[in-house]
Number of protein chains: 2
Amino acid sequence: MARTTGSHSDITGPRIREVALDLFARRGFAAVSMRQIASGVGVQAGALYNYTPDKQSLLFGLMREHMEELLAARAAREVPDDPLAELEDFTRFHIAHHLERPDAVFISYMELRNLSPENFGLIETLRRAYEDQLEEILKRGVAVGVFDVPDTKIATLALIAMLTGVSTWYRPAGRLSVQQVETIYWDMVRKAVATA
Amino acid sequence: MARTTGSHSDITGPRIREVALDLFARRGFAAVSMRQIASGVGVQAGALYNYTPDKQSLLFGLMREHMEELLAARAAREVPDDPLAELEDFTRFHIAHHLERPDAVFISYMELRNLSPENFGLIETLRRAYEDQLEEILKRGVAVGVFDVPDTKIATLALIAMLTGVSTWYRPAGRLSVQQVETIYWDMVRKAVATA
DNA sequence: GTCTATAGGACGATAGAC
DNA sequence: GTCTATCGTCCTATAGAC
């Protein structure tokens, strides 16, 4: 892992984030030391502090990046007009996006309690903004009579929990493609909010 | 927190488990020290080792107890005969049981990676046994034509993720009773697996 | 059963040389 | 920008007195 002394600012920065994401996801933030991260990158522990003021900022940066990427990817999408097609789009987007970055997904809800109160608040705001997009779809569908849910807020949380749960069991080498998984979940989501 | 020197084996044992459960849930296993647990109990750190061989056994004991209690509570139930009523019973049981012990629920899926491989395997076996009960209900319902799910294994995981997710947002002081929450979720579960 | 004391090591973060 | 060296603190777990 050792590396020759010298300047590598363009490489080291991203590598630190990469290694930290991997180690935090696999062992947990509190169980990972700055020395372990440095070793994975191939530098000494002190060198990390050229890139982050402290360990917690490293975690926060990874989580904020993940949430902002999620919101940006969602915003970049061309969204259909009717609520049913919109909900299908959201479902498929959510599953595909989350399965593409399992480590970031994992730490973003497992390590919330290791954030300072300020940082926690910032992440929660981003998470709320994302959830609100789903709730708005449900509200529109209820308004025009294509959905029937007793409580849009709870339905939102229930559906997101269900969809995000894919990350806990999906393995790319398994028997199902991402598209097949999307379709199976969409079938359940569609029916769960359908008019009786 | 200090306590007079002396024998308290009948009190200290349960208190250690109680304090550990609370601290592990609030801050995470790796972030909690034996000294902090001892301080919460009102003894010195060394005294803990009269009750547990090490920190990890303490965690494992809490998780195993939680899973065994879950299976026992489920087994003690009188289960209705038709799949639809059975599924409603499972849904309401799962929600009520989990909302009664949020800390144990929390650590039981957040701290899996802090278990040794052997202990992890034991907990996974118990978890699988519980999940299998739901899958059997779904299979029976599909067999007699009252449920329509494309994949019972995935539906099982999806429904459990949705139901367990209640623990992340429910607060007893909130606007809804446990019964109301059960009913809202049952409405979604019922429709999600219904025949089209 | 609990205490005090400690072994033996890892931690986060910083200072100063190059 | 990275290194080596280190400060001060905390950790798990054990030993031996009471």
Side-chain angles (χ1 to χ4, degrees), chain A residues 1-24 26-63 107 111 113-119, chain B residues 1-21 23-24 26-63 107 111 113-116 118-119:
Chain A
M1 290 295 188
R3 207 169 69 198
T4 317
T5 296
S7 267
H8 302 274
S9 69
D10 50 341
I11 298 177
T12 305
R15 274 293 288 155
I16 289 172
R17 302 170 64 80
E18 214 176 297
V19 170
L21 182 69
D22 178 71
L23 289 176
F24 289 166
R26 192 155 357 277
R27 303 185 208 164
F29 174 76
V32 172
S33 71
M34 295 298 269
R35 282 171 173 82
Q36 288 171 328
I37 296 169
S39 162
V41 173
V43 296
Q44 294 300 314
L48 300 180
Y49 292 88
N50 289 319
Y51 300 91
T52 180
D54 50 35
K55 192 185 171 190
Q56 147 119 207
S57 300
L58 192 47
L59 174 65
F60 174 63
L62 292 171
M63 292 176 68
I107 73 165
E111 304 296 355
R113 57 185 167 184
N114 285 306
L115 293 174
S116 69
E118 297 85 347
N119 288 344
Chain B
M1 290 291 191
R3 205 169 70 199
T4 317
T5 295
S7 267
H8 302 273
S9 69
D10 50 340
I11 298 176
T12 305
R15 274 292 290 155
I16 289 172
R17 300 169 65 79
E18 215 176 296
V19 171
L21 183 69
L23 289 176
F24 289 165
R26 191 156 359 278
R27 303 186 208 164
F29 173 76
V32 172
S33 72
M34 294 299 267
R35 281 173 171 82
Q36 288 169 327
I37 296 169
S39 162
V41 174
V43 295
Q44 293 301 311
L48 300 180
Y49 292 88
N50 289 319
Y51 300 91
T52 179
D54 50 34
K55 191 185 172 190
Q56 146 120 204
S57 300
L58 192 48
L59 173 65
F60 174 62
L62 292 170
M63 292 176 70
I107 71 165
E111 303 296 356
R113 53 184 172 186
N114 285 305
L115 293 174
S116 69
E118 298 86 345
N119 288 344

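Each chain gets a letter, A, B and so on, in the order the sequences are listed, and its residues count up from 1. It should be emphasised that the depicted structure is a prediction, and the values quoted were computed from it without experimental measurement.
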From CA spacing to verdict: side-chain contact (heavy atoms from CB on, under 4.5 Å), A/Leu58, A/Ile37
CA-CA 11 Å; A/Leu58 192 47; A/Ile37 296 169; 4.0 Å; yes
Between A/Glu111 and A/Leu115, is the side-chain contact (heavy atoms from CB on, under 4.5 Å) condition met? List the steps.
CA-CA 7 Å; A/Glu111 304 296 355; A/Leu115 293 174; over 6 Å; no
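Regarding A/Gln56, its CD atom lies at a distance of 13 Å from the P atom of C/dG12, rounded to whole Å. In this structure, B/Lys55 places its NZ atom 13 Å from C1' of C/dA10, rounding to the nearest Å. If you take CE of A/Met34 and P of C/dA13, they are 6 Å apart, rounded to a whole angstrom. A/Leu48 places its CG atom 9 Å from the P atom of D/dC3, with the value rounded to the nearest Å. Rounding to whole angstrom units, CG of residue A/Leu23 and P of C/dG12 are separated by 12 Å. Residue A/Arg15 contributes atom CZ, which lies 18 Å from atom P of D/dG1 at whole-angstrom precision. Remark: P of C/dT2 and CG of B/Asn50 are 6 Å apart, rounded to the nearest angstrom. In this structure, CZ of B/Arg27 is placed 15 Å from C1' of D/dC11, rounded to the nearest angstrom.
In this model, the phosphate group of D/dC10 is not approached by any side-chain N or O of B/Ser33 to a distance below 4.0 Å at OP1 or OP2. Contact between the side-chain N/O atoms of B/Gln44 and the OP1/OP2 oxygens of C/dT2 is not found at any separation under 4.0 Å. Taking 4.0 angstrom as the limit, B/Tyr49 places none of its side-chain polar atoms (N or O) nearer than this to OP1 or OP2 of C/dT2. Distances shown here put every side-chain N or O of A/Thr12 at or beyond 4.0 Å from the OP1 or OP2 atom of D/dG1.
Residue order along DNA chain C, read from the 5' end via each residue's closest nucleotide, puts B/Gly46 first among B/Gly46 and A/Asp54.
Picking from D/dG1, C/dG12, D/dC3 the nucleotide with the shortest atom distance to the side chain of A/Arg35 gives C/dG12.
Here the side chain of B/Lys55 pairs no donor or acceptor atom with the backbone of B/Ser33 at under 3.5 angstrom.
Looking at B/Asp10 and B/Arg15, their side chains never come closer than 4.5 Å, going by heavy atoms from C-beta outward.
A donor-acceptor pair shorter than 3.5 Å cannot be found between the side chains of A/Gln56 and A/Asn114.
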